[in-house]
Undergrad: 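Quick one: the structure is below, and I'll ask about it shortly.
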There are 2 protein chains.
Amino acid sequence: MDLLTYFKLITTISAEAENGIVTGFKQQQHPRKHHLCKQGQVVNQLYYIQSGLVRMYYINKQGKDVTYGFYTEQQFVTVPDSFFGHSASRYYLELLEDCALYAVSYQEMTRLREKHSELQLIENHVLRELLLKVSDRIVALQFLSAEERYIKLEESQPSILQRAPLGAIASYLGITQETLSRIRARRLS
Amino acid sequence: MDLLTYFKLITTISAEAENGIVTGFKQQQHPRKHHLCKQGQVVNQLYYIQSGLVRMYYINKQGKDVTYGFYTEQQFVTVPDSFFGHSASRYYLELLEDCALYAVSYQEMTRLREKHSELQLIENHVLRELLLKVSDRIVALQFLSAEERYIKLEESQPSILQRAPLGAIASYLGITQETLSRIRARRLS
DNA sequence: CAGTTCTTTTGACATAGATCAAAAAGCACC
DNA sequence: GGTGCTTTTTGATCTATGTCAAAAGAACTG
């Protein structure tokens, strides 16, 4: 879905704000495997995903790649602490599919937000969505078994199971590839 | 710390905004064990904790009480999805100590936000803090062992270990009381 | 399409942490 | 200061999930 169309679902947008959005958000295309950001960089862009799939991950102390989250069509993605705090990112942002994105820089977003109250609203909306998404994860990780977490993902974002590689899904669920593979086998029978 | 003092650490506050804050945020005192919210209610207030300790928890499918988070001095607490979305809360908010709070209603917060750009900034700041806090939890729950999670809590919020009961801490860490007790014993020797 | 490499599955074994049960230690209230 | 609660600790198993290793399957590449 187009960025403006999406915004209009959240709130009504004045003509001036629409103008600001169209110039402030830059359309981009990137191929599969492209990195929007690597560990150590400051992420200065907030991305809206028109189409495609993005994975956020980090490398833990044992050198293992751990998926923090998946982001798809009609979602925003960035590394919040880096974007808002201008700090080095602990995370990588990697495209798992070719993506059509809209990107806005922090400076531009600040300008838009100050000029158009709609953008303020939208930013809050985005933050709340991110917060909600993350809250659900905690509940899952805290007290569901590996299999229950898998089922939960299956219900909430079924397409991920098809679209992302096994290893990425496993670390997202907080389990090993092997265990995920076994869960899958068990569920088929 | 006083609410205004805290706000002034985030941004400069105009005289009018100061006025709005002072009238909009109501000071409250509540005793230990009081509930600010129970499961099923809509949480219409955002709380700033001047002193005391608040626990957010829910009852899971097996009927067990699971701590979602602890909130202390100089933090904001509410149930974000309920407060922002006017939906029924899945969580309880319980005071683990006598608390001095400032409370602002959703409507009042909206009014303040629209009138004073500072409040907008502060709200975003609060959301970002909540998001950061929660992000760290995910990283911990995803790939740290029970003992590592304990150590992490010890480092980031040492006072919780003294102030909250064992069972509440255990479920926060995603483990049983018994395991937590054993971890403690192990670390003392 | 044969060879190389990456991904997923399967198997055997090890272990962190759960569960159940009971003892011990803290607290509160007559 | 004893009697009854609640909270914490300790002990003995049990189980889900991890680890290591190897096989099977897909997916690129020249």
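Residue numbers start from 1 in every chain, and the chains themselves are labelled A, B, ... in the order their sequence lines are given, proteins ahead of strands. Just so you know, these numbers come straight off a predicted model, no measurement behind them.
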Undergrad: Honestly, is A:R137 close enough over A:Y172, meaning NZ or CZ under 6.0 Å from the six-membered ring centre and within 45° of the axis?
TA: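 Ring-cation test returns yes.
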Undergrad: Let me know the distance between CD1 of A:I183 and C1' of D:dG18, rounded to the nearest Å.
TA: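 In whole Å, D:dG18 C1' and A:I183 CD1 are 12 Å from each other.
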Undergrad: Please state how far atom CG in A:L173 lies from atom C1' in D:dA16, giving the value in whole angstrom units.
TA: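 Taking atom C1' of D:dA16 as the reference, CG of A:L173 is at 15 Å.
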Undergrad: To the nearest Å, give me how far apart CZ (B:R32) and P (C:dC27) are.
TA: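 After rounding, the gap between these two atoms is 11 Å.
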Undergrad: Rounded to whole Å, how long is the line connecting atom OH of A:Y150 with atom C1' of C:dT8?
TA: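 Computing the A:Y150:OH to C:dT8:C1' distance gives 13 Å.
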Undergrad: At under 4.0 Å, does any side-chain N or O of A:T179 touch on OP1 or OP2 of D:dG18?
TA: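 Answer is yes, contact under 4.0 Å.
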Undergrad: Figure out the CD1/P separation between B:I175 and D:dT17, and round it to whole Å.
TA: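 Value for this atom pair: 16 Å.
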Undergrad: Is any side-chain N or O of A:R182 under 3.5 Å from a base N or O of D:dT19, one able to act as donor and the other as acceptor?
TA: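 Pair found.
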Undergrad: Of all the choices, C:dT9, D:dT8, C:dA18, which nucleotide is nearest to the side chain of B:T176 once you look at every atom?
TA: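 For the B:T176 side chain, the nearest candidate turns out to be C:dA18.
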Undergrad: Under 4.0 angstrom, heavy atoms only, what part of the nucleic acid is B:Q177 near: base, sugar-phosphate, or nothing?
TA: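 It contacts base atoms.
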Undergrad: Write down the distance between CD (A:Q142) and P (C:dA18), rounded to a whole number of angstrom.
TA: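 Going from A:Q142 (CD) to C:dA18 (P), I get 12 Å.
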Undergrad: Is the terminal nitrogen or CZ of B:K133 (NZ for Lys, CZ for Arg) located under 6.0 angstrom from the six-membered ring centre of B:Y71 and within 45° of that ring's axis?
TA: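 The answer is yes, since B:K133 meets both limits relative to B:Y71.
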Undergrad: Salt-bridged, B:D136 to A:R90, with N to O below 4.0 Å?
TA: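 Yes, this pair counts.
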Undergrad: Measure from the side-chain heavy atoms of A:L166 and tell me the nearest of D:dT9, C:dT8, D:dG18.
TA: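 Of the options given, the side chain of A:L166 lies nearest C:dT8.
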Undergrad: Does the side chain of A:S181 get closer than 4.0 angstrom to OP1 or OP2 of C:dT9 through an N or O atom?
TA: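 The answer is yes; a side-chain N or O of A:S181 sits under 4.0 Å from OP1 or OP2.
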Undergrad: Can you check the B:R187 CZ to D:dT9 P distance for me, whole Å?
TA: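 Rounding to the nearest Å, CZ of B:R187 and P of D:dT9 are 14 Å apart.
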Undergrad: Any side-chain donor paired with an acceptor under 3.5 Å for B:E178 and B:S181?
TA: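 Judged by distance alone, the side chains do not pair up.
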Undergrad: Which part of the nucleic acid, if any, lies within contact of A:K64, taking any heavy atom under 4.0 Å across all strands shown: a base, the sugar-phosphate backbone alone, or nothing?
TA: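 A:K64: backbone/sugar contact only, no base atoms under 4.0 Å.
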Undergrad: Less than 3.5 Å apart, any donor N or O on the side chain of A:H30 or A:Q28 sitting next to an acceptor on the other?
TA: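 A:Q28 and A:H30 do have a side-chain donor-acceptor pair below 3.5 Å.
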Undergrad: Nearest whole angstrom, please: distance from the P of D:dT19 to the CD of A:E178.
TA: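 Checked: the CD to P distance equals 8 Å.
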